[in-house]
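Structure, as structure tokens:
Throughout, residue positions are numbered sequentially from 1 according to the sequence presented.
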Amino acid sequence: MRFIKIYLALLLFTQAASAQETKLAATPPMGWMSWNIMSENPNEKDIKEMADAMVNSGMVKAGYQYIFLDDCWQGGRDNKNNIIPDPKKFPSGIKALADYLHSKGMKLGIYSDAAPLTCGGYTASLNFEDQDAKTFATWGIDYLKYDYCNAPEDVETAKKRYGKMAQALRKSGRDMVLGICEWGPREPWNWGAQVGGQSWRTTYDIRDKWLDIEGKGGVGIYNVVDKMAGLASFSGPGKWNDGDMLVAGLHGTKGPSSAFKGVGCTKAEYQSQMSLYSMLNSPLYASCDIRKMDNETKTIFTNTEIIALNQDALGKQAERKIKTDTWDIFVRPLANGDFAVAVLNKSATAQNAKIDFAVLGLAGKYEIKDLWQHKIIGKNNKWVGEIIAHETKVFRLKKV
């Protein structure tokens, strides 16, 4: 009897923990990341201005809740080993910044690393997990991006270090999402949820380009999409494959995103990243300067019909049904019974497409809504049309 009681108690604890993890990121997080624009100089003034711009542009209303404060905010530790912000960059402190964002209905994410020092050489959290988690909680932090620079290459150490921080966050007294950022070589989709993460990066850092063919550093939009296409079984509420930042609006801006020939993308390519990341359930975080965002970029970021796919309650990542030299075609079911279909032209020239829905496993006739044109374009069992180079057509199909 005593064994049964212990077993039941453990079962209830596991179920409660699982429910908690799912609640933390029931849908993929959305927001803005500081790295590409602020790099080594994130600061209180610019972060507040970016938050204001997100509200004024309609991004917050569209679902972008977070500001993700990336590396280089740290100012070391005080005489009690509490991690502190750089007083010149954040003279009012991080708690005041979190309070400012919370007053606007937004959330604050912060950055650390599972080693003594971060990628930028700043104070990190190894062996201070509990203390740092409590500090983050008192500041009102809502999300932790946990990087893996200066850490061992083996997978078991990564599991232990991420698991230790996940446990520290859960014990801190505040709900904080854990974003695992070890860039994919240890295949975190296999273990990230088990150790307590809610998302995990699938590749190395993305650059402002469509495709990386040299393999010398950074990846392009399609490299990420191609990688994530094979990871659908690992994605769902509370556990997301993370494709890194949205690069729309950067237009080759000098900085981290411009490295390794990140010279910018076409409108079709930027739009494709938004479309395909939404189909694949990646967290959506912009990285251009929202204060100077052009209308084209704003239109991409605030397409609520595309965002609705990413935030769909069913949380089922799209599966790639067709892959040829020219086409990638993705299909995902939606919570209300509709289906979303994305058709990417991978070639360098415009192509004529004829998509038979039955070949995709969708028998019968559908009302077809083009989510970039925002209009119903017909009722049929197929779609025929032209798609320009690197463009993605996205359709929402309702059975008729």
Side-chain angles (χ1 to χ4, degrees), residues 20-35 37-38 41-75 82-112 125 131-146 165-166 168-179 181 197-199 238 240 242 245-246 283-291 293 301-302 304 307 310-311:
Q20 172 74 349
E21 302 304 314
T22 301
K23 184 187 77 168
L24 285 176
T27 59
M30 297 173 59
W32 177 86
M33 178 74 74
S34 69
W35 183 247
I37 294 301
M38 299 181 185
N41 189 37
N43 64 86
E44 181 179 306
K45 176 180 176 294
D46 286 342
I47 292 288
K48 285 184 175 181
E49 288 181 0
M50 211 65 68
D52 294 343
M54 289 176 69
V55 172
N56 296 335
S57 68
M59 287 183 69
V60 172
K61 184 178 180 181
Y64 295 83
Q65 289 185 303
Y66 288 90
I67 288 231
F68 301 104
L69 177 58
D70 213 298
D71 199 1
C72 310
W73 61 268
Q74 306 89 333
N82 294 309
I83 197 166
I84 56 174
D86 184 316
K88 292 183 179 179
K89 295 175 181 177
F90 297 92
S92 303
I94 301 297
K95 185 180 186 307
L97 181 61
D99 290 345
Y100 185 81
L101 266 62
H102 292 159
S103 73
K104 294 179 174 293
M106 299 178 69
K107 297 180 178 181
L108 180 61
I110 206 162
Y111 169 102
S112 194
S125 294
Q131 191 167 356
D132 288 357
K134 289 177 183 177
T135 297
F136 298 154
T138 63
W139 287 347
I141 297 299
D142 303 291
Y143 176 106
L144 173 64
K145 174 183 175 180
Y146 207 40
M165 179 54 83
L169 293 175
R170 299 294 82 81
K171 293 189 301 182
S172 71
R174 181 175 179 81
D175 287 345
M176 289 180 272
V177 174
L178 175 61
C181 185
Q198 284 76 50
S199 68
W240 309 110
D242 179 357
M245 291 171 272
L246 296 169
L284 301 176
Y285 39 107
S287 62
C288 69
D289 193 335
I290 304 300
R291 298 167 297 186
M293 178 171 59
F301 286 153
T302 58
T304 55
I307 290 170
N310 180 265
Q311 298 290 298

*asked:* Please report the interatomic distance CE(Met59) to CE(Met50), rounded to the nearest 0.5 Å.
replied: 10.5 Å
*Would you check if Ile307 and Met30 make a side-chain contact, meaning some heavy-atom pair closer than 4.5 Å?*
yes
_Residue pair Ser287 / Met245: nearest heavy atoms and the distance that separates them_ = CB-SD, 3.6 Å
*Count the heavy atoms belonging to other residues, nucleotides or ligands that lie under 6.0 Å from NZ of Lys104, then report whether that count exceeds 12.*
yes
*Is a side-chain donor-acceptor pair under 3.5 Å present for Gln131 with Asn82?*
yes
*Minimum side-chain heavy-atom gap Lys145-Leu178 below 4.5 Å*: no
_Check: Ser57 and Ile290 side chains under 4.5 Å, non-hydrogen atoms_ = yes
*Could you go step by step and tell me if Leu169 and Leu144 meet the side chain to side chain contact (heavy atoms under 4.5 Å, CB included) rule?*
CA-CA 9 Å; Leu169 293 175; Leu144 173 64; 4.2 Å; yes
*Distance, nearest 0.5 Å, that separates CZ of Phe136 from OG of Ser172*: 10.5 Å
*Considering all heavy atoms of both residues, which atom of Gly93 and which atom of Pro85 are nearest to each other, and what is their separation?*
CA-CG, 4.4 Å
_Which atom of Ser125 lies closest to which atom of Met165, heavy atoms considered_ = CB-CE, 3.8 Å
*Judged by atom type as modelled, is there a donor-acceptor pair below 3.5 Å linking the side chain of Trp32 to the main-chain atoms of Cys288?*
yes
_I'd like to know if the side chain of Asn43 and the backbone of Asn41 have a donor-acceptor N/O pair within less than 3.5 Å._
yes
*What is the minimum heavy-atom distance between Trp240 and Ala26, and which atoms define it?*
CZ2-O, 3.2 Å
*Is there a donor in the side chain of Tyr143 and an acceptor in the side chain of Asp175, or the other way round, less than 3.5 Å apart?*
no
*Quick one: do the Asp70 and Ser34 side chains pair a donor with an acceptor below 3.5 Å?*
no
*Look at the side chain of Gln65 and the backbone N and O of Pro29, then say whether any donor-acceptor pair between them is shorter than 3.5 Å.*
no
*asked:* Students often mix this up, so state it plainly: with edges at 30° and 60°, are the rings of Tyr66 and Phe68 parallel, tilted or perpendicular?
replied: parallel
_Over all atoms of both residues, closest heavy-atom pair of Ile67 and Leu101_ = CB-CD2, 3.6 Å
*Met38 vs Leu69 side-chain heavy atoms within contact, under 4.5 Å*: no
*asked:* If the threshold is 4.0 Å, N to carboxylate O, is there a salt bridge linking Arg291 and Asp289?
replied: yes
*May I ask you to decide whether Asp52 forms a salt bridge with Lys48, counting only side-chain N to carboxylate O separations under 4.0 Å?*
no
_To the nearest 0.5 Å, what is the distance between OG on Ser112 and CG on Asp71?_
8.5 Å
*asked:* Is any side-chain heavy atom of Lys134 closer than 4.5 Å to one of Lys171?
replied: no
*Check whether the ring centres of Trp73 and Trp35 lie less than 6.0 Å apart, and answer yes or no.*
no
*State which residue, out of Thr135, Ile94, Asp142, fulfils the side chain to side chain contact (heavy atoms under 4.5 Å, CB included) condition with Ile110.*
Ile94
*Given side chains that start at C-beta, do those of Ile47 and Tyr100 come closer than 4.5 Å, heavy atoms only?*
no
*With the side chain counted from C-beta on, respond yes when Tyr111 and Gln74 share a heavy-atom pair under 4.5 Å apart, and no when they do not.*
yes
*Under 3.5 Å donor-acceptor, Gln198 side chain and Gly179 backbone*: no
*Are Leu246 and Phe301 side-chain neighbours, meaning at least one heavy-atom pair lies under 4.5 Å?*
yes
*Main-chain N/O of Cys72 paired to Lys89 side chain as donor or acceptor, under 3.5 Å*: yes
